Number of protein chains: 2
Amino acid sequence: MSYASENIAASLKSARENKGLSQRELSARSGVPQSHISKIESNAVDLRLSSLASLAHALDLELTMIPRKSAPAVRSIVRSTGSHKPQSNNDALRELARAQRALDTLPKALHESSAMETLQRQFQEMNNFRNILQETDAIRNMRSALEAVENSGGLKNLEKIAEDAQRLRNMLAHSVPSHMINEPTSRPAYSLDEDDSDG
Amino acid sequence: MSYASENIAASLKSARENKGLSQRELSARSGVPQSHISKIESNAVDLRLSSLASLAHALDLELTMIPRKSAPAVRSIVRSTGSHKPQSNNDALRELARAQRALDTLPKALHESSAMETLQRQFQEMNNFRNILQETDAIRNMRSALEAVENSGGLKNLEKIAEDAQRLRNMLAHSVPSHMINEPTSRPAYSLDEDDSDG
DNA sequence: AGCCTTGATCTGCAATAATAGATCAAATTT
DNA sequence: AAATTTGATCTATTATTGCAGATCAAGGCT
């Protein structure tokens with residue numbers, strides 16, 4: 001109703017989508033029933049602060065009260081810190097998240113291979129390009145490949161996938177204005193966007 | 001309970017106090033019952049977003065969800081835009097607000113006097129020094145004087161008060177130690193500054 | 001000493017958020 | 001084509017807010 005709640009609802013929704021989570025997944029993380037999340041996002045309930053807090057926490061968001069006069073400045077900060085999305089890359093982001101999950105749930109036996117290491121690194125890097133990420137299909141393919149590895153158990157396959165990841169990551173890096181990147185293949189120079197290890 | 005709500009509760013309370021409002025006054029502005037405000041501020045209730053929104057609106061606050069990683073930057077902005085309070089001036093602010101209300105509810109007959117005009121102006125100015133305002137007693141005296149005017153109807157009194165207001169305002173502008181203005185309507189030993197208000 | 005304000009605390013009572021769980025159509029995936 | 005996923009929409013039941021209005025002790029003020 002109150003225009004404030006519309007904003008909150010919209011923030012929650014877009015934050016969830018930007019993390020590539022489904023309502024059910026968010027439900028699992030936050031403890032809030034999926035049916036309720038649906039109502040919340042469509043601004044159909046006057047939710048309680050506890051619900052909001054649960055969701056915000058699960059989404060790495062913080063609810064703050066700012067003086068009206070500093071609101072524009074804050075908005076500007078958030079805009080520049082967060083990513084501007086072409087609005088068309090939600091699918092890509094979701095795929096990226098799924099792929100990452102697929103990677104994490106790989107058999108432990110593989111977790112020490114060097115291919116695994118580079119894969120982890122490349123994914124980390126790709127996360128730095130969330131704002132320009134659009135290659136939904138490429139990522140989807142990588143995910144299927146990863147899931148296939150579980151069965152066909154091939155370490156060689158994993159290496160192939162790692163190559164793909166590296167290739168994709170390089171593509172992204174090259175499409176970024178050069179002044180935004182300091183060192184080509186080494187450490188990310190900006191915005192590390194860790195996923196949570198709940199603790 | 002949830003640490004997030006503690007923050008909210010504290011924010012609401014300090015925001016209210018900084019505006020010099022009592023719970024009942026805030027209740028009148030926001031439509032939220034005083035008894036409920038009390039519970040909310042003591043974090044004894046899991047309030048709904050609508051309640052929070054009402055209160056925030058009445059306090060000129062804005063509810064926003066910000067990414068965790070930009071939270072520090074936002075806090076910094078709010079700190080610099082808002083005022084740093086010595087934490088001891090809540091009383092002074094409250095008094096200022098009350099005095100202002102007393103001024104507004106003066107008989108209309110007086111509303112056109114030049115004394116009234118300067119008073120309005122000085123109050124406006126004093127508001128600009130909220131952050132360093134500490135002279136609770138001086139303001140309290142001004143308020144009582146204002147309330148007294150209603151009865152004794154003296155325009156001359158109003159002029160005296162206006163002088164005091166001007167004096168206080170100049171004190172603030174020059175950041176003069178507060179113990180020098182503790183004397184009510186009597187004239188100070190030092191000479192009066194000319195008023196350098198914005199032209 | 002009296003009067004007023006403030007914040008906290010009770011009393012019901014009504015409205016509704018929150019829960020668990022099932023279902024559904026549409027879109028995706030296999 | 002079949003299975004799965006997704007978001008939305010039901011059902012019922014429970015738990016709690018929110019409201020209205022009174023009351024109270026503590027402090028401040030006249």
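All values below were derived from every heavy atom in this structure, side-chain atoms included, with hydrogens, water molecules and symmetry-related copies excluded. Quantities reported herein were computed from a predicted structural model and do not represent experimental measurements.
- Counting non-hydrogen atoms under 4.0 angstrom, B:L47 reaches the backbone sugars and phosphates but no base.
- Closest heavy-atom contact between A:S42 and A:S38: OG-O, 2.9 Å.
- The nearest whole Å value for the distance from the CZ atom in B:R48 to the P atom in C:dA17 is 6 Å.
- Here C:dG7 presents its P atom at 9 Å from CD1 of B:I37, a figure rounded to the nearest Å.
- Taking atom CG on B:L26 and atom C1' on C:dT5, their separation rounds to 16 Å, with Å as the unit.
- Per the geometry, CG belonging to B:L52 stands 14 Å off P belonging to D:dT17, to the nearest Å.
- Test A:Q23, A:H36, A:K13 against A:E41 for side chain to side chain donor-acceptor pair (under 3.5 Å) and you get one pass: A:Q23.
- Nearest heavy-atom pair, A:L49 versus B:D46, reported as atom, atom and distance to 0.1 Å: N-OD1, 3.4 Å.
- Looking at heavy-atom distances under 4.0 Å, A:S51 makes contact with sugar-phosphate atoms alone, never a base.
- Here the nucleotide nearest the side chain of B:V32, chosen from C:dG7, C:dA17, D:dC19, is D:dC19.
- Between the side chain of A:R24 and the base of D:dG7 there is at least one donor-acceptor pair of N/O atoms closer than 3.5 Å.
- Within 4.0 Å (heavy atoms only), A:S22 reaches sugar-phosphate atoms of the nucleic acid but no base atom.
- Toward the 5' end of DNA chain C, the nearer of the two residues A:R143 and A:D46, judged by each one's closest nucleotide, is A:D46.
- One interatomic measurement links the two molecules: NZ of A:K13 to C1' of D:dT6, which rounds to 11 Å at whole-angstrom precision.
- Protein atom CD of A:Q34 is 10 Å distant from nucleotide atom C1' of D:dT9, rounded to whole Å.
- At distances below 3.5 Å, at least one donor-acceptor pair connects side-chain atoms of A:S22 with backbone N or O atoms of A:E25.
- Contact annotation: side chain of B:Q23 to base of C:dA8, donor-acceptor pair absent below 3.5 Å.
- Shown here for A:V32 and A:S54, the closest heavy-atom pair between the two residues is CG2-CB, 4.1 Å.
- Of the candidate nucleotides D:dT17, D:dA8, C:dA17, D:dT17 has the atom nearest to the side chain of B:H36.
- A:E41 comes within 4.0 angstrom of no nucleic acid atom, judged by non-hydrogen atoms across all strands.
- Using a 4.0 Å cut-off, some side-chain N or O of B:S38 falls inside it from OP1 or OP2 of C:dA8.
- One interatomic measurement links the two molecules: CG of B:L55 to C1' of D:dT17, which rounds to 14 Å at whole-angstrom precision.
- Between A:A58 and A:S30, the shortest heavy-atom distance links the atoms CB-CB, 3.9 Å.
- Distances were taken from every side-chain heavy atom of A:S35 (C-beta onward) to each of D:dT9, D:dC19, C:dA15; the shortest belongs to D:dT9.
- Remark on DNA chain D: of its neighbouring residues B:G31 and A:L21, the 5'-side contact belongs to A:L21, judged by nearest-heavy-atom nucleotide.
- A straight line from CD1 of A:I40 to P of C:dA17 spans 10 Å, rounded to a whole angstrom.
- Look at A:R16 and you'll find a side-chain N or O under 4.0 angstrom from OP1 or OP2 of D:dG7.
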